[in-house]
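As C-alpha cells, the structure follows; a few thoughts come after it.
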Amino acid sequence: MATAIIIGSGLGGIATALRLRHKGYQVTIFEQNDYAGGKLHSIEKDGYRFDLGPSLFTLPHLVDQLHDLFPDHCNSFSYIKKSVGCHYFWEDGTSFKAYSDQADFVSHASDTFAESKAVINNYLNNSKSRYNLTKSLFLEKSLHKWSTYFSINTIQAIINAPFLGLFNTLHKENEVFENPKLTQLFNRYATYNGSSPYQTPGIMSMIPHLEMGIGTYYPQNGMHRISQSLYELAVKVGIEFRFRESVTKINYKDNKATGIKTPINNYKADIIVSNMDIYPTYKKLLTDYPAPQKTLDQERSSSALIFYWGINHKFPNLDLHNILFSENYPEEFDHIFNKKSLFNDPTVYINITSKETKTDAPAGCENWFVMINAPGDYGQDWEAMIVEARKNIIAKINNCLHTDISNYISTEHVLDPRGIEKNTSSYRGALYGAASNDKFAAFLRHPNFNKGLKNLYHVGGSVHPGGGIPLCLLSAQITADLIPDVS
Ligand code: FAD
C-alpha cells in the first residue's frame, strides 16, 4: 500500500491525513506533543475549560466536508450559527452589536454611528463581490501551478484587479465611513490574518463578508471539538498517530524525499507532508538543503498575549465575542509591527464560551479568554511586558464595562508568543505564519509542494493560502489535490 507520513497534527496535518486516507494511502502522523490539534487545543483549570487558541469559527462546511469523506462513520461534529458576530465597546460608552444578518447590521450600524445606510450596504456588497471574485484564485488553488491561471475565475479576477483594492491599504478603503469608529471596526479585520490595517491591502475588505455574509458559528461544546472530532474520525479510519515523537530530519536522496528521522527510528514513506511551520521545516529538518531565504524572511504575522481567567461573576451585557477598542489604533499597530512592543492602550478581545456551553465554567461564573494582539518573540523582556499589559488590560475592561474586574479573577493561566512557539514550533509565535502587510504576500507564501524535493509537500498556516482555520483546511485540500491518487 502507498504510504504517507505527516509531520504534525495541527488542523492542516489532520485534514491532509484524512484526505490522503480517503485516496487510499496508509497514513502515519508524527506529533511532538501528547495531543492532537496544535494551536487548536484546550485546557481545564479549577473547574473552568478554555479553548487555548482559535475562538472564531467561519466556513464550517470545510469541516463537514472532511467528515463527509467517510459517510460510514457517524459525524460527531455540530455547530450553531450566531446571530450576533461580535459585541464592540468604546471607552466613551458607545457599544455596538454586530448582527450577522446584513439588513440588521446595516440598520443598527446606521443608528449607532450616524452613518448612511447606503454607504454601509455598498461596503458590504463590495466585500461580497471581492470575496466571490478572488476566493477561487487565492484560496482554493495552488498559486504556483500554471493551470491555476487558465481558468475563467482567474481571468475574471485579473480583469477586475483595479476594483479589488490591491493598491490601497485597508484603512484607506475603510475611510469611506464618516465615523472613525466604523472605520476602526472594519480595520479590525486585518487582524484576522495577523496583519496591520495600515499596511495590508484593501482586498482584505473581503473578510467581513465571511462574518456578515456567510456567518460566524460556534461548535457545540467548544472550538476544540473541531480538532478533536477530526482526530477521532482519523483514528476510526485507521490513521496512526505517534505522539511524543518529534521529527528531527526529513531524509532525501537524489532530490526526492524518502522518509523522516525521529529520536526513535528512521521511517520511509512514498509521500511526506510537513505541517510544521515552514521556517523550522527548513531550518531544523532540512539543515543541509538550500532554504528559499526570501520566502522565509517574510515579515511574520502578529502573535498574541492571552490571559485565561476564571471569573466568579456574570456579565449579562457580554456575548461570546467581545471587543474593547483602543483609543489610538494606529499607535497600537505601530507598537506591534514596528516597535515590537505592547501599546499601553490595547484593544482587548474577550471570548466567553460559557455563554454557549454552560459547563465551561462553574455555576455563577464565566470563562474569559482575554487576548491582545502582540508582536512576535524577538527576545523582548516578556515577564515585564506581561505585568504591564495585565494592568493595561484591566484598566481597559474597567473603563469600558464600568466594573473592577480584578475583584472577580479567581484563576489565571497565561500564554505569550514564547509559549505559542514552544507548543507548536510556530516561528516567533506567529498566529498565522507570514503577515499580509505586503500586496504581494499571497504570492510570496511557500507553495504546498516543495520545488526541489519531489514527494515533499507543505500544509498549514505558514504556507499557501495562509493561516486561520478555514485557510488551513483549504491548504489541506490544495495539498491533497496535488498528491497523486494511489494507483
Ligand atoms: P498548527 O496548529 O501550527 O500545528 C502544528 C503541529 O505540528 C503542532 O501540533 C506541533 O506540535 C507539530 N509539530 C511541529 N513540529 C513538529 C515536529 N518536528 N515533529 C512533530 N510534530 C511537530 N484561527 C481562526 O480561524 N480563528 C481564530 O479565532 C484564531 N485565533 C487564534 C488565536 C490564537 C491564540 C492562536 C495561537 C491561533 C489562532 N488562530 C485562529 C489561528 C489558527 O489556530 C491556526 O491558523 C491553525 O490552527 C494552524 O493550524 P496548522 O495546520 O498550521 O498547525
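All values below were derived from every heavy atom in this structure, side-chain atoms included, with hydrogens, water molecules and symmetry-related copies excluded. Order of appearance sets the numbers: ligands from 1, and atoms from 1 within every ligand.
The N/O atoms of Gly12, backbone and side chain alike, include one that comes under 3.5 Å of an N/O atom in ligand 1. Any N or O atom pair closer than 3.5 Å counts here, and Glu245 shares no such pair with ligand 1. Any N or O atom pair closer than 3.5 Å counts here, and Asn33 shares at least one such pair with ligand 1. Between Ser462 and ligand 1, no N or O atom pair is found at a separation short of 3.5 Å. Of the polar atoms of Ile469, at least one N or O is found under 3.5 Å from an N or O of ligand 1, judged by distance alone. Between Gly461 and ligand 1, at least one N/O pair is under 3.5 Å apart. Ligand 1 has a nitrogen or oxygen under 3.5 angstrom from a nitrogen or oxygen of Gly468.
Aromatic ring centres of Tyr218 and Phe57 lie farther apart than the 6.0 Å criterion allows. For Tyr198 and Phe337, the ring centers are positioned 6.0 Å apart or more. Tyr192 and Tyr189 have their aromatic ring centers within a separation under 6.0 angstrom. Residues Phe105 and Phe96 bring their aromatic ring centres within 6.0 Å. Remark: aromatic rings of Phe449 and His464 are distant, center separation not under 6.0 Å. Outside the 6.0 Å centre-distance limit, the rings of Phe50 and Phe369 are not counted as a close aromatic pair. Between His87 and Phe89, a ring centre-to-centre spacing shorter than 6.0 Å is recorded.
Side chain of Lys23 to main chain of Ile483: a donor-acceptor pair is present (N/O by atom type, distance under 3.5 Å, no hydrogens or angles). Within the 3.5 Å criterion, the main-chain N or O of Asn33 finds a donor-acceptor partner in the side chain of Glu31. Remark: side-chain polar atoms of Arg428 are paired, donor with acceptor, to backbone N or O of Asp377 under 3.5 angstrom.
Using a 4.0 Å heavy-atom cutoff, Val459 is absent from the residues neighbouring ligand 1.
Checked for salt-bridge contact, Arg390 and Glu388 miss the test: no charged N lies under 4.0 Å from a carboxylate O. The pair Asp51-Arg49 meets the salt-bridge criterion, with a side-chain N (NZ, NE, NH1 or NH2) lying under 4.0 Å from an Asp/Glu carboxylate O.
Residue contacts with ligand 1, taken as heavy atom pairs separated by less than 4.0 Å, involve Tyr432 solely via side-chain atoms from C-beta onward. Under 4.0 Å from ligand 1, not a single heavy atom of Pro280 appears. The proximity of Ile306 to ligand 1, defined as any non-hydrogen pair under 4.0 Å, is limited to the side chain. Counting heavy atoms under 4.0 Å from ligand 1, residue Ser246 touches it through both backbone and side chain.
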Side chain to side chain contact (heavy atoms under 4.5 Å, CB included) between Glu366 and Phe315, intermediate numbers included: CA-CA 8 Å; Glu366 293 180 343; Phe315 285 79; 3.8 Å; yes
Check against side chain to side chain contact (heavy atoms under 4.5 Å, CB included), Leu40 and Ile226: CA-CA 8 Å; Leu40 198 40; Ile226 300 173; 4.0 Å; yes
Side chain to side chain contact (heavy atoms under 4.5 Å, CB included) between Gln477 and Gln65, worked out: CA-CA 10 Å; Gln477 187 181 310; Gln65 277 174 5; 3.6 Å; yes
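In this structure, atom 18 (N) of ligand 1 lies nearest to the protein heavy atom Val247 O, 3.0 Å. What sits closest to atom 16 (C) of ligand 1 on the protein, heavy atoms only, is Gln32 OE1, 3.7 Å. Counting only heavy atoms of the protein, atom 42 (C) of ligand 1 lies nearest to Pro54 CG, 3.8 Å. For atom 47 (O) of ligand 1, the closest heavy atom belonging to the protein is Lys39 CB, 3.9 Å. The protein atom (non-hydrogen) at minimum distance from atom 7 (O) of ligand 1 is Gly8 CA, 3.3 Å.
Atoms of ligand 1 found under 4.0 Å from any heavy atom of Gly467, numbered from 1 in the order shown, are 45 (O). Using a 4.0 Å cut-off to heavy atoms of Thr424, the atoms of ligand 1 that qualify are 10 (C), 14 (C). Less than 4.0 angstrom separates some heavy atom of Asn423 from each of these atoms of ligand 1: 11 (O). Taking every non-hydrogen atom of Gly38 and a distance limit under 4.0 Å, the qualifying atoms of ligand 1 come out as 2 (O), 4 (O), 8 (C), 9 (O). Listed by number with element, the atoms of ligand 1 under 4.0 Å from a non-hydrogen atom of Ser55 are 27 (C), 28 (O). The ligand atoms of ligand 1 that sit less than 4.0 angstrom from a heavy atom of Pro470 are 25 (O). Every atom of ligand 1 with a heavy atom of Gly460 under 4.0 Å away is listed here by number and element: 51 (O), 52 (O).
Relative orientation of the Tyr349 and His321 rings is parallel, given thresholds of 30° and 60° on the angle between their planes.
Compare Leu56, Ile7, Val463, Leu40 by their heavy atoms: the one nearest to atom 28 (O) of ligand 1 is in Leu56. With atom 14 (C) of ligand 1 as the reference point, the heavy atom nearest to it among Ser426, Ala430, Ser425 is part of Ser425. The option from Lys422, Glu31, Met276, Lys249 that lies nearest to atom 12 (C) of ligand 1, judged by heavy atoms, is Glu31. Checking Asn275, Leu431, Asp277, Thr248 against atom 50 (P) of ligand 1, the nearest heavy atom belongs to Asn275. Of the options Cys472, Gly429, Ala476, Gly10, the smallest heavy-atom separation from atom 49 (O) of ligand 1 is shown by Cys472.
Remark: Lys422 NZ is loosely packed, at most 12 non-hydrogen atoms of other residues, nucleotides or ligands lying under 6.0 Å away.
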